[in-house]
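Written out below as structure tokens is the structure these notes cover.
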Amino acid sequence: MRFAAAVSALALAGAAMAQNDTIIKVGEVNGTMALKFDPPFVNITQPNSTVTFIFDGVPGNHTVAQSTFANPCEPMEGGFNSGFFFVNSSSGPFGTWTLTVTDVNTPIWFYCAQQTPKVHCTAGMVGAINPPATGNTFDKFAAQASSAATVVYPSTVLSGAGAFATAGVASTTLPSGSSPTGSGSSGSGSGTGTGSGAPSASSPSSAGSLSTNGFVAFLAAAFGVAIL
Ligand SMILES: *[C@@H]1O[C@H](CO)[C@@H](O)[C@H](O)[C@H]1NC(C)=O
Ligand SMILES: *[C@@H]1O[C@H](CO)[C@@H](O)[C@H](O)[C@H]1NC(C)=O
Ligand SMILES: *[C@@H]1O[C@H](CO)[C@@H](O)[C@H](O)[C@H]1NC(C)=O
Ligand SMILES: *[C@@H]1O[C@H](CO)[C@@H](O)[C@H](O)[C@H]1NC(C)=O
Ligand SMILES: *[C@@H]1O[C@H](CO)[C@@H](O)[C@H](O)[C@H]1NC(C)=O
Ligand SMILES: *[C@@H]1O[C@H](CO)[C@@H](O)[C@H](O)[C@H]1NC(C)=O
Ligand SMILES: [Cu+2]
């Protein structure tokens, strides 16, 4: 147990230093709960860079499932799927899932497959890595998703087309103040509001590095305590 924790901590520290990580938040926009990915798409130029999805938004189930431009809400054959992660409430437990992007020259499209109490994919819970700036753009993908006739629950698959994960969604706690506010969070009527969350009013990259640093520091602290 101790040995495993120490090895994980070392692997995590090494990975955090070696990799170029981009954060996508699941179930929020600009620090407010919403059935969206935030940012909805990212540009990854370095092969083997990672994208970490943080499940801390709208309470309920979410997935990150690879689809195609033509069928935004159905699993791509050979695509990845994180599997469902259930966000119990606005205070967690939360999840993280890391993809390594091996192909930076082909768009990677994805969606959330949750369908109750409403269909997340048609509500706008779609995203992309490296969508084209012209032609099959992210906006066209999102428009197709909003009117998709078929939405499919896929099974969990770690390795997809152009990207892979090495594990399912990991349950974790997050530093306080890093989670979104808004509908679905109990007792959010007064207090901090939407201006104080990490994701708000920042560019995607600065919000990402802020979250990553806080998250890694937090995990390091947690492991440090556990190892002692
Ligand atoms: C990290 O990746 C992004 C997206 O590919 C790229 O713009 C940035 O230059 C990379 N940074 C480093 C330090 O590799
Ligand atoms: C990405 O990782 C794979 C497997 O480790 C390696 O073969 C490849 O050379 C790496 N690509 C780059 C650009 O670092
Ligand atoms: C969430 O997903 C899990 C696993 O598929 C399932 O057992 C559970 O019923 C789902 N909960 C909701 C509220 O959809
Ligand atoms: C889920 O949240 C409810 C209240 O919102 C709480 O009673 C319950 O213990 C939580 N479950 C877990 C697994 O955190
Ligand atoms: C990604 O690159 C495209 C050009 O290919 C650009 O229009 C867009 O603003 C970039 N998006 C992000 C989030 O950096
Ligand atoms: C989120 O914030 C960015 C940057 O301030 C802004 O461009 C975007 O429109 C906002 N999105 C929503 C849905 O409010
Ligand atoms: Cu969802």
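Everything numeric here is computed off the predicted structure, so don't read it as measured data. All ligand and atom numbering here is 1-based and tracks the order in the structure. If you read the sequence from its start, that first residue is 1, and numbering goes on from there.
Looking at Q115, its side chain does come within 3.5 Å of a backbone N or O of V151 through a donor-acceptor pair. Checking side-chain atoms of T98 against main-chain N and O of T52 turns up no donor-acceptor pair under 3.5 Å. Side-chain atoms of E28 never come within 3.5 Å of backbone atoms of D38 as a donor-acceptor pair (strictly under, hydrogens ignored). Under a 3.5 Å cut-off, the side chain of S171 and the backbone N or O of G95 do not form any donor-acceptor pair.
Protein heavy atoms are found less than 4.0 angstrom from atom 2 (O) of ligand 3. Distance check on atom 11 (N) of ligand 3: some protein heavy atom falls below the 4.0 Å cut-off.
The ring-ring contact (aromatic ring centres under 6.0 Å, His included) test with F110 singles out one residue from F37, F69, F138, and that residue is F37.
Remark: ligand 3 atoms within the under-4.0 Å shell around heavy atoms of T116 are 14 (O). Atoms of ligand 3 lying under 4.0 Å from any heavy atom of Q114, numbered from 1 in the order shown and given with element: 12 (C), 14 (O). Listed by number with element, the atoms of ligand 4 under 4.0 angstrom from any heavy atom of P93 are 14 (O).
Within the structure, side-chain hydrogen bond (donor to acceptor under 3.5 Å, both in side chains) contacts touching residues 117-143 (residues at least two apart or in different chains) are H62-H120.
Nearest to atom 8 (C) of ligand 3 among the protein's heavy atoms is N61 ND2, 3.7 Å. Shortest contact from atom 13 (C) of ligand 3 to any protein heavy atom: F86 CE1, 3.9 Å. Of all protein heavy atoms, the one lying nearest to atom 9 (O) of ligand 4 is N88 ND2, 4.8 Å. Nearest protein heavy-atom neighbour of atom 4 (C) of ligand 3: F84 CB, 4.2 Å.
Remark: aromatic rings of Y153 and F84 are close, center separation under 6.0 Å. The ring of F55 has its center no closer than 6.0 angstrom to the ring center of F94.
Among the atoms of Q114, no N, O or S atom falls under 2.8 Å of the Cu ion (ligand 7). The Cu ion (ligand 7) has H62 among its coordinating residues (N/O/S atom, backbone or side chain, under 2.8 Å).
The SG atoms of C73 and C121 sit under 2.5 Å apart.
Atom ND1 is the N, O or S atom of H120 at the shortest distance from the Cu ion (ligand 7).
Ligand 4 has no N or O atom lying under 3.5 Å from any N or O atom of S89, backbone or side chain.
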